[in-house]
2 protein chains.
Amino acid sequence: MLSFTEENYLKAIYRLSEGGTKSVLTSEIAEMMSTKAASVTDMIKKLSLKNLIGYEKYYGVKITKQGKSEALMVIRKHRLWETFLVEKLQFTWDEVHDVAEQLEHIQSNLLIEKLDEFLGFPTADPHGHPIPDKNGKIQTVRQIPLADLVTSKKCVIRSVKDGSPSFLQYLSKIGVYIGAPVVILEKIEFDGSLEILIDGNKKVFISRDAAQNLLVTE
Amino acid sequence: MLSFTEENYLKAIYRLSEGGTKSVLTSEIAEMMSTKAASVTDMIKKLSLKNLIGYEKYYGVKITKQGKSEALMVIRKHRLWETFLVEKLQFTWDEVHDVAEQLEHIQSNLLIEKLDEFLGFPTADPHGHPIPDKNGKIQTVRQIPLADLVTSKKCVIRSVKDGSPSFLQYLSKIGVYIGAPVVILEKIEFDGSLEILIDGNKKVFISRDAAQNLLVTE
DNA sequence: ATATTTTTTTAGACTAGTCTAAACTTTTAT
DNA sequence: ATAAAAGTTTAGACTAGTCTAAAAAAATAT
């Protein structure tokens, strides 16, 4: 049984390693966890003893199969709870993160399987992020940043890459939502901003940064 | 902001003080929390500094108004979550306690108010225990142990006093549920057991202990 | 190739919560 | 009324997780 803290470290390592592919530095973990490198070193030793990560002094860590599986379960719980909060309790998509950060640590397999069923086995959370199934399998669909799409090609908004509350509020305000059909009307060369058409009827300008953070499928 | 542990102590003290009326001994708290008296003494000092309880060395503790209010909020959350688990996720009433013990510590007013609304502002949990409202107000209805009812008087099962999973499973098995109409057919003098009629069609014998643990209204 | 900078680890200390063992108070029994 | 028993508190130690400061290793720059 992992502690709250161990789960959070593992999740951070999983994210930083991009799904377990890259190895991760102490300083990166410290940054993501808002803590100091010395604390990270201590925790790394613990996780390493439990075979959740491989660790070589001074050369960072690599998540193991077992560690990856634990991380995926935490992510599964986080995303199922976010879905619950939005679909059932009418939270807005910018309000769910902090509560889900707490709910993801509740320990009960029965709970999470029943929640999954209650929600109709969703495959993506309110931000469009895929929900791992009970075996940790993630349904991956190739998505590209809206910024990389060519002008006048039709696409659908699938997810937000980094969804800070203020960015999500901004998106709602301009009418962007997961599933929205979008076309790029014009790319402004000066600053890389885009003029886009949402839902076939709303024309807006969005910054290059915003367009990098919106992932779409053609 | 109270810690997980502080909330649990406060809840125990609230229960043992019977809603803040009696004062509570260190050893009683230790017993209920499955810990040692020395640990209780330490925590008592902390809670006392935060004005959640009044404490006089060697003479036990008394919960304050503020402490009572905090305890009631934890109880409110616990019972709302139990209700959610049974009504929405199809848990049985004997499965909910341990999960609710975790969920009750999630910190978010928005969450609990939205959950309350989602559940239709229930006034009792699956065991018939009253759910404090957002101001900590409890709707009290006078209930008596089934054991104290006279023979052949109609009554309705309202709650279980101490609901261990195995007792709850037993009740389900014999057809007792919250809201069930019951009459005592006969009181067996030998051991205080009762023959009762449930739902107008099921005759069963239940022990004196069981009849003490079932609360009813006439 | 060596010196400097950056990063990581170690050492030692701190808080929250727990424990055991010993000291101290109160209660109970004679 | 006093001795024994029971219950409570203190003292000191332990674990989990955190921190700062110093030491050690690696990366970088000349």
*salt bridge (charged side-chain N to carboxylate O under 4.0 Å, His left out) with B:R76: which of B:D116, B:D133, B:D125?*
B:D116
Using nucleotides 20-23 of chain C, report all nitrogen or oxygen pairs with the protein that are shorter than 3.5 Å.
unit_1: C:dT20; atom_1: OP2; unit_2: B:K36; atom_2: NZ; d: 3.1

Can you see if the side chain of [X] gets near the phosphate of [N] - specifically, an N or O under 4.0 Å from OP1 or OP2?
X: B:T41; N: D:dT10; answer: no
X: A:T35; N: D:dC19; answer: yes
X: A:K45; N: C:dT9; answer: no

_Salt bridge present between A:K50 and A:E6 (N-O < 4.0 angstrom)_ = yes
In whole angstrom, what separates [X]'s [atom1] from [N]'s [atom2]?
X: A:E31; N: C:dT6; atom1: CD; atom2: P; value: 17 Å
X: A:E56; N: C:dT9; atom1: CD; atom2: P; value: 11 Å
X: B:M43; N: D:dT10; atom1: CE; atom2: P; value: 16 Å
X: B:I44; N: D:dT8; atom1: CD1; atom2: P; value: 9 Å
X: B:L47; N: C:dA16; atom1: CG; atom2: P; value: 13 Å

*asked:* Heavy atoms only, 4.0 Å cut-off, all strands: where does A:T26 land among base, sugar-phosphate and nothing?
replied: sugar-phosphate
*Give, ordered by number, those residues of residues 2-16 of chain B having at least one heavy-atom distance below 4.0 Å to an atom of DNA chain C; if nothing qualifies, reply none.*
B:S3, B:T5, B:Y9
*Could you check which of D:dT10, D:dG7, D:dC19 has an atom nearest any side-chain atom of B:K57?*
D:dT10
*Options D:dA26, C:dT18, C:dT9, nucleotide nearest the side-chain atoms of A:A37*: C:dT9
Do [X] and [Y] have side-chain atoms, one donor and one acceptor, less than 3.5 Å apart?
X: A:S159; Y: A:Q143; value: yes
X: A:R158; Y: A:T217; value: yes
X: A:N8; Y: A:H105; value: yes
X: A:T92; Y: A:E95; value: yes
X: A:Q66; Y: A:N51; value: no
X: A:E7; Y: A:Q107; value: yes

_Walk me through whether B:F84 and A:F84 qualify under ring-ring contact (aromatic ring centres under 6.0 Å, His included)._
CA-CA 12 Å; B:F84 167 73; A:F84 167 73; 5.1 Å; yes
*On DNA chain D, nearest-nucleotide positions of A:Y59 versus B:D42: which is more 5'?*
B:D42
